[in-house]
Enquirer: 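Got a structure for you, written out below as structure tokens; questions coming shortly.
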Amino acid sequence: MNFKDKITSNFLLRVAMAIVLLAHSIPGMFDGGVIVFGEHYLNKAGFDPFGVPLAWLIKFSHVLAAVGLVLNRYVNLASLISMVILIAGIFMIHLPNGWFVVGGGANGIEYNFILIIILLSFIMDNEKVK
């Protein structure tokens, strides 16, 4: 794979993933959603008194991962950290709701699953290039 192929082979997918990560993070940073998530979910899930700082860390990691994906820098690290957060989300929030996000159910794991596979593909693509 030459340099041009490395840049273009998954560029659109990296940009799309960055948009998803930013859309999932930035609004909550300005509308109080981070505080609500930290206090009303993470603290009650056993992370008290660290729920709010953890919620901010999660949101900031999404923003940094999005920047890394768009710039094609630290893609493996950005993907790995995002995958860990998405897997935690599956087990802490989505798994009890089944597979489907909508249609056959609500708030299930299918969305996180496909995001994890996309992030894994970024890591696998980077390993092929080395």
Side-chain angles (χ1 to χ4, degrees):
M1 182 179 287
N2 64 37
F3 180 74
K4 181 182 175 195
D5 291 337
K6 181 181 178 197
I7 296 299
T8 60
S9 66
N10 61 20
F11 176 73
L12 291 178
L13 201 50
R14 286 187 287 111
V15 169
M17 179 64 74
I19 291 168
V20 168
L21 291 172
L22 292 173
H24 193 70
S25 299
I26 290 179
M29 293 175 160
F30 295 101
D31 69 5
V34 174
I35 305 298
V36 171
F37 179 59
E39 288 179 352
H40 297 287
Y41 183 77
L42 292 175
N43 279 345
K44 291 179 181 177
F47 292 98
D48 192 26
F50 304 106
V52 173
L54 182 58
W56 277 106
L57 187 63
I58 290 167
K59 297 303 181 183
F60 280 128
S61 76
H62 285 337
V63 171
L64 291 175
V67 171
L69 291 173
V70 169
L71 297 177
N72 202 24
R73 300 280 187 235
Y74 306 106
V75 171
N76 286 3
L77 181 62
S79 296
L80 184 61
I81 291 170
S82 297
M83 287 169 55
V84 168
I85 292 168
L86 290 165
I87 290 167
I90 285 174
F91 286 101
M92 293 179 69
I93 299 167
H94 303 289
L95 192 59
N97 299 307
W99 176 261
F100 296 103
V101 172
V102 296
N107 204 23
I109 70 169
E110 69 178 330
Y111 186 68
N112 281 32
F113 173 79
I114 195 66
L115 295 178
I116 291 165
I117 297 302
I118 292 167
L119 291 163
L120 183 60
S121 76
F122 297 156
I123 293 171
M124 292 172 68
D125 279 352
N126 280 343
E127 294 304 313
K128 283 193 301 188
V129 172
K130 291 181 180 176

Enquirer: Nearest 0.5 angstrom please: Ile19 CD1 to His24 NE2, how far?
Expert: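 Going from the CD1 atom of Ile19 to the NE2 atom of His24 covers 15.5 Å.
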Enquirer: What closest approach, in Å, do Asn43 and Val52 show between heavy atoms, and which atom pair accounts for it?
Expert: OD1-N, 4.3 Å
Enquirer: Find out if a path of hydrophobic residues (ILVMFWY) with successive side-chain heavy-atom gaps under 4.5 Å connects Ile118 to Ile123.
Expert: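 Result: yes, single cluster for both.
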Enquirer: Please confirm whether the backbone N or O of Asn76 pairs with a side-chain atom of Ser79, one donor and one acceptor, at under 3.5 Å?
Expert: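 Pair absent, no side-chain N/O of Ser79 close to backbone of Asn76.
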Enquirer: Side chains of Leu64 and Ile81: does their closest heavy-atom pair fall under 4.5 Å?
Expert: no
Enquirer: Does one hydrophobic cluster hold both Ile26 and Val70, with members joined at side-chain heavy-atom distances below 4.5 Å?
Expert: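 Result: no, two separate clusters.
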Enquirer: Considering all heavy atoms of both residues, which atom of Val63 and which atom of Met29 are nearest to each other, and what is their separation?
Expert: CG2-CE, 3.8 Å
Enquirer: Less than 4.5 Å apart, any side-chain heavy atom of His94 and any of Asn107?
Expert: yes
Enquirer: Yes or no on side-chain contact (heavy atoms from CB on, under 4.5 Å) for Leu119 and Leu86, after CA distance, side-chain angles and deciding distance?
Expert: CA-CA 10 Å; Leu119 291 163; Leu86 290 165; 3.6 Å; yes
Enquirer: Between Ile90, Ile87, Ile114, Val101, which is the residue that forms a side chain to side chain contact (heavy atoms under 4.5 Å, CB included) with Ile109?
Expert: Ile90
Enquirer: If Ile, Leu, Val, Met, Phe, Trp and Tyr residues are connected whenever their side-chain heavy atoms lie under 4.5 Å apart, and connections chain through other members, are Val67 and Val75 in the same group?
Expert: no
Enquirer: Hey, could you give me the OH/CG distance between Tyr74 and Asn126, rounded to the nearest 0.5 Å?
Expert: 13.0 Å
Enquirer: Considering non-hydrogen atoms only, spot the tightest contact between Met92 and Tyr41 and give its length.
Expert: O-OH, 2.6 Å
Enquirer: Under 4.5 Å between side-chain heavy atoms, hopping through other hydrophobics if needed: is there a path connecting Val102 to Leu95?
Expert: yes
Enquirer: Do Ile58 and Ile93 belong together in a cluster built from hydrophobic side chains that touch within less than 4.5 Å?
Expert: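 As far as the 4.5 Å side-chain criterion goes, Ile93 and Ile58 are connected within one cluster.
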Enquirer: Can you tell me how far apart OG (Ser121) and CG (Asn10) are? Round to the nearest 0.5 Å.
Expert: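 Separation between the atoms: 6.5 Å.
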Enquirer: Could you grab the distance from atom OG of Ser25 to atom CH2 of Trp56, nearest 0.5 Å is fine?
Expert: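 CH2 of Trp56 is found 10.0 Å from OG of Ser25.
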Enquirer: To the closest 0.5 Å, what do you measure between NZ (Lys59) and CG (Leu54)?
Expert: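 Between atom NZ of Lys59 and atom CG of Leu54 there are 11.0 Å.
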Enquirer: So, taking the atom named CG in Leu12 and the one named CZ in Arg14, what distance separates them when rounded to the nearest 0.5 Å?
Expert: 9.0 Å
Enquirer: Provide the closest heavy-atom pair for Met17 versus Leu69 in the form atom of the first, atom of the second, distance.
Expert: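 Where Met17 meets Leu69 most closely, the heavy atoms are CG-CD1, 3.6 Å.
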Enquirer: Looking at every non-hydrogen atom in both residues, tell me the closest pair between Ser61 and Ile85 and how far apart they are.
Expert: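 In terms of heavy atoms, the two residues are closest at OG-CD1, 3.1 Å.
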Enquirer: Excluding sequence neighbours, so at least two apart, what forms side chain to side chain donor-acceptor pair (under 3.5 Å) with Asn97?
Expert: none
Enquirer: How close do Leu42 and Ala55 get, counting heavy atoms only, and between which atoms?
Expert: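 Residues Leu42 and Ala55, closest heavy atoms: CD1-N, 3.7 Å.
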